[in-house]
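Note that the numbering runs from 1 along the sequence shown for the chain. Counting starts at 1 for both ligands and their atoms, in listed order.
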Amino acid sequence: MKTGIDALSFDVAKLHLPIKTLAEARNIEPEKLEKGLGLLKMTLPDTHQDSVVFAANALTKLIQDNQIDLNEIARIYVGTESAIDNAKPIGSFLIDLMEQKFGENTLAECDVVDFTFACIGGVDAMQNCLDFIKLNPTKKAIVVTTDFAKYDLNSTGEYTQGAGATAMLITVNPRIIAFENHWATNTKGVFDFFKPHRTVSKEAITGNTNNESWFDNLEAEIEIHKDQPVFDGQYSNQCYMDRTRNAYFSFKKLKQTSATLYQSWNSIIMHLPYSFQGRRMLSEIYALDAENSIISGEETPAEYQNKLKETSKTPEYKNFVEEKLMPAELASSLIGNLYTGSIFMGFLSTLAHFYDTKKEISGNTFGFLAYGSGSKSKVFEGIIQDEWKAALANVNLFETLAESFEIDFDTYEKLHKKEQKQSIQSPKNEWILDRIEKEIPNLIGARYYKWID
Ligand SMILES: CC(=O)SCCNC(=O)CCNC(=O)[C@H](O)C(C)(C)COP(=O)(O)OP(=O)(O)OC[C@H]1O[C@@H](n2cnc3c(N)ncnc32)[C@H](O)[C@@H]1OP(=O)(O)O
């Protein structure tokens with residue numbers, strides 16, 4: 001019995017700052033960002049958008065475009081590292097919003113939960129749903145990924161920002177891709193990228209002191225959540241390489257093959273925190289699993305790094321990237337990082353590219369290399385199914401991305417600092433964040449959303 005992705009949809013932030021504008025403002029050579037990292041635009045949420053809004057919009061589109069009967073959906077599992085609450089999962093917001101739109105109690109028997117493991121939480125959610133569908137083949141599940149990849153101003157993560165969601169219907173006999181049963185995992189507890197709770201003093205919180213009872217009741221130090229991570233960019237790249245390399249070779253063992261595995265993959269889909277991450281990281285696996293590799297394993301660390309650099313400059317590696325990785329990079333260049341959604345957006349980008357260029361890919365094998373900081377990698381593969389094109393007919397990925405609205409640098413900084421109070425664009429046919437009811441002045445409270453026709 002085959003299990004996999006039957007339908008896909010997305011919702012990404014509709015505002016963008018050209019990378020060139022950011023580069024000029026920050027005194028960075030634009031060529032480094034455009035040609036070195038593959039960045040062209042970075043998308044940013046409007047004032048009425050957050051991770052629940054993107055998730056609800058992607059899910060609504062998935063349901064409408066594929067005429068999904070919600071009574072058939074047994075699970076909605078969410079991958080995110082942009083939770084808006086420590087107890088109440090994004091999935092519970094989605095249940096409420098979908099029932100508002102598609103009918104009361106339509107999801108009363110649906111199981112929902114959020115999965116958090118940095119950027120790999122969506123893959124974890126999907127693996128779990130695939131196992132569930134194998135055991136319950138008459139049922140259907142939905143996986144949603146949603147995030148706002150927000151980094152501090154002036155940090156090295158700033159140019160990789162992006163925001164949005166993906167939603168996928170998981171069924172038996174899927175129309176788009178059927179996954180094979182082998183999944184290799186490699187895990188190690190590290191601090192390459194994380195979002196710790198910060199403490200602030202009671203005095204740092206100012207507000208309506210006319211009502212002093214709320215202030216008197218506060219603890220001397222208050223734990224707050226900040227969207228931006230603490231991270232070490234180069235170390236996170238090393239962790240990415242270590243985990244994916246180890247998972248890749250575990251996957252070869254699971255498949256009991258000594259042949260060069262990546263040669264059997266027509267396309268390679270990796271977690272792309274920025275467009276060229278995959279091609280920059282894969283050269284090691286490419287060299288180690290090659291028949292005539294220049295790497296012997298006897299090198300000093302510096303020699304090893306030099307040989308990797310040499311490998312990545314060869315015409316063979318460049319052709320390999322062009323053929324197997326480039327289609328996944330296209331959307332990433334125009335969006336930026338989607339954290340949990342990046343690997344699925346890379347998959348969608350590849351499908352949309354072949355759809356637009358009229359390439360037939362039924363029967364192709366796709367290899368997936370997922371990564372989440374903290375850190376974990378999963379390697380798995382799937383076969384493209386005969387009906388993939390029909391399932392993609394309403395998705396319009398690149399047409400939608402082409403309509404993104406350009407903002408200037410001042411507006412970008414205002415949005416980032418939450419100083420922009422008015423929406424930049426008028427919402428239409430989408431969910432918005434309607435209001436936040438504050439628990440106590442200046443502290444965030446319950447969030448409420450509404451649909452705008
Ligand atoms: C969140 C996760 O998924 S963990 C894994 C990834 N980590 C992150 O995303 C964390 C946040 N991001 C970051 O910290 C940073 O953006 C990083 C680490 C990804 C990149 O760091 P930077 O220091 O800006 O860039 P770095 O020096 O690594 O690479 C720049 C590239 O541009 C190239 N470059 C520099 N100048 C130019 C130029 N003028 N023309 C062309 N290319 C150029 C460099 O050669 C280099 O490419 P190469 O190594 O393939 O040769």
Side-chain angles (χ1 to χ4, degrees), residues 19-20 22-24 26-40 42 79-82 116-123 145 147-163 186-188 190-195 227-245 247 269-284 286-287 302 304-314 317-318 321 325 328-329 332-333 335-346 369-378:
I19 278 299
K20 210 171 180 185
L22 180 73
E24 279 158 7
R26 296 282 182 243
N27 245 334
I28 303 171
E29 262 185 281
E31 293 74 26
K32 173 190 160 181
L33 303 188
E34 290 175 348
K35 300 203 173 84
L37 301 178
L39 309 168
L40 296 176
M42 74 188 195
T80 187
E81 55 167 297
S82 309
T116 296
F117 196 134
C119 299
I120 203 169
V123 167
T145 69
D147 278 302
F148 174 18
K150 182 175 185 182
Y151 285 89
D152 281 327
L153 297 174
N154 284 300
S155 71
T156 58
E158 186 180 19
Y159 30 87
T160 69
Q161 295 176 107
N186 189 261
T187 314
K188 188 176 167 73
V190 295
F191 286 93
D192 59 333
F193 165 112
F194 56 112
K195 295 179 184 165
D227 293 334
Q228 297 92 302
V230 176
F231 67 99
D232 176 340
Q234 298 307 336
Y235 178 54
S236 71
N237 280 343
Q238 189 57 50
C239 294
Y240 182 115
M241 271 171 95
D242 291 345
R243 296 292 84 68
T244 49
R245 181 221 308 118
I269 312 294
M270 299 174 75
H271 165 52
L272 298 181
Y274 58 90
S275 186
F276 286 177
Q277 171 82 348
R279 62 168 76 187
R280 290 180 78 210
M281 301 297 123
L282 202 63
S283 58
E284 186 183 32
Y286 179 87
Y304 189 83
Q305 288 309 321
N306 278 341
K307 285 190 174 178
L308 286 188
K309 276 256 174 265
E310 271 178 52
T311 302
S312 65
K313 287 184 186 140
T314 58
Y317 187 69
K318 286 185 179 155
V321 165
L325 281 170
E329 299 173 340
S332 178
S333 292
I335 297 171
N337 199 352
L338 292 179
Y339 286 159
T340 52
S342 291
I343 188 162
F344 297 109
M345 183 51 77
L369 286 85
Y371 178 73
S373 288
S375 59
K376 180 165 74 178
S377 172
K378 286 187 173 175

Notebook entry, point to check: Does some side-chain heavy atom of Phe117 sit less than 4.5 Å from a side-chain heavy atom of Thr340?
Noted result: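 No - every pair of side-chain heavy atoms lies 4.5 Å or more apart.
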Margin query: With heavy-atom distances below 4.5 Å as the criterion, would you say the side chains of Lys188 and Asp242 are in contact?
Written below: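 No - every pair of side-chain heavy atoms lies 4.5 Å or more apart.
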Heavy atom under 4.0 Å from ligand 1: found in [X]'s side chain, backbone, both, or neither?
X      : result
Thr156 : both
Tyr339 : neither
Phe276 : neither
Arg280 : side chain
Glu29  : side chain

Return the closest protein heavy atom for [atom] as residue, atom name and distance.
atom                    : result
atom 9 (O) of ligand 1  : Pro273 CB, 3.6 Å
atom 7 (N) of ligand 1  : Ser236 OG, 2.8 Å
atom 24 (O) of ligand 1 : Tyr159 OH, 2.4 Å
atom 23 (O) of ligand 1 : Gln234 NE2, 3.3 Å
atom 19 (C) of ligand 1 : Tyr274 CE2, 3.2 Å
atom 41 (C) of ligand 1 : Glu31 O, 3.6 Å
atom 37 (C) of ligand 1 : Lys32 CA, 3.5 Å

[X] heavy atoms, cut-off 4.0 Å: which ligand 1 atoms fall inside?
X      : result
Gly157 : 11 (C), 12 (N)
Phe231 : 10 (C), 11 (C), 14 (O)
Thr160 : 16 (O)
Gln277 : 5 (C), 6 (C)
Phe193 : 1 (C)
Gly233 : 14 (O), 18 (C)

Quick check: does any side chain N or O of [X] sit under 3.5 Å from a backbone N or O of [Y], one acting as donor and the other as acceptor?
X      : Y      : value
Ser82  : Phe148 : yes
Ser342 : His271 : no
Lys307 : Ala287 : no
Tyr317 : Arg279 : yes
Ser275 : Leu39  : no

Margin query: Test of understanding: with ring-ring contact (aromatic ring centres under 6.0 Å, His included), list the residues that count as partners of Phe191, not counting sequence neighbours.
Written below: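 In terms of ring-ring contact (aromatic ring centres under 6.0 Å, His included), with neighbours along the sequence ignored, Phe191 is linked to Phe194.
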Looking at [atom], tell me if a protein heavy atom falls under 4.0 Å from it.
atom                    : value
atom 12 (N) of ligand 1 : yes
atom 35 (C) of ligand 1 : yes
atom 15 (C) of ligand 1 : yes

Notebook entry, point to check: Would you say the side chains of Gln238 and Tyr235 form a donor-acceptor pair under 3.5 Å?
Noted result: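 No donor-acceptor contact under 3.5 Å links the two side chains.
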Notebook entry, point to check: Asn337 and Thr160: side-chain donor and acceptor closer than 3.5 Å?
Noted result: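 On atom types as modelled, these side chains do not qualify, holding no pair under 3.5 Å.
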Next item on the list: Report yes or no: is the cationic atom of Arg280 (NZ for Lys, CZ for Arg) under 6.0 Å from the centre of the six-membered ring of Phe276, at an angle within 45° of the ring normal?
Entry: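 Output no; distance or angle outside limits.
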Margin query: Other residues, nucleotides and ligands only: do more than 12 of their heavy atoms fall within 6.0 Å of NZ on Lys20?
Written below: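 It does not: Lys20 NZ has 12 such atoms or fewer within range.
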Check: Less than 3.5 Å between some nitrogen or oxygen of Asn337 and one of ligand 1, yes or no?
Finding: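 The answer is no, given that Asn337 and ligand 1 share no N or O pair closer than 3.5 Å.
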Note to self: Using heavy atoms and a 4.0 Å limit, tell me yes or no: is Lys309 in contact with ligand 1?
What the structure shows: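 It does, in that a heavy atom of Lys309 comes within the 4.0 Å cut-off of ligand 1.
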Check: Strictly under 4.0 Å, does any heavy atom of His271 approach an atom of ligand 1?
Finding: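 Distance cut 4.0 Å: His271 passes for ligand 1.
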Notebook entry, point to check: Which of these, Pro273, Pro229, Ser373, sits in a side chain to side chain contact (heavy atoms under 4.5 Å, CB included) with Tyr339?
Noted result: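 Single side chain to side chain contact (heavy atoms under 4.5 Å, CB included) partner of Tyr339 among Pro273, Pro229, Ser373: Pro229.
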Next item on the list: Measure from the ring center of Phe193 to the ring center of Tyr371 and say whether it is less than 6.0 Å.
Entry: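 No, the ring of Phe193 stays outside the 6.0 Å limit from the ring of Tyr371, centre to centre.
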Checklist line | Arg243: salt bridge (Lys or Arg N to Asp or Glu O under 4.0 Å) partners, not counting sequence neighbours | finding: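 Not a single residue meets the salt bridge (Lys or Arg N to Asp or Glu O under 4.0 Å) criterion with Arg243.
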Notebook entry, point to check: When you measure from atom 2 (C) of ligand 1 to each heavy atom in Ser373, Gly38, Gly374, Gly372, which option holds the nearest one?
Noted result: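 Answer by nearest heavy atom: Ser373.
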Next item on the list: Check each of Gly36, Cys119, Ser312 against atom 42 (N) of ligand 1 and report the one with the nearest heavy atom.
Entry: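 The option holding the nearest heavy atom is Gly36.
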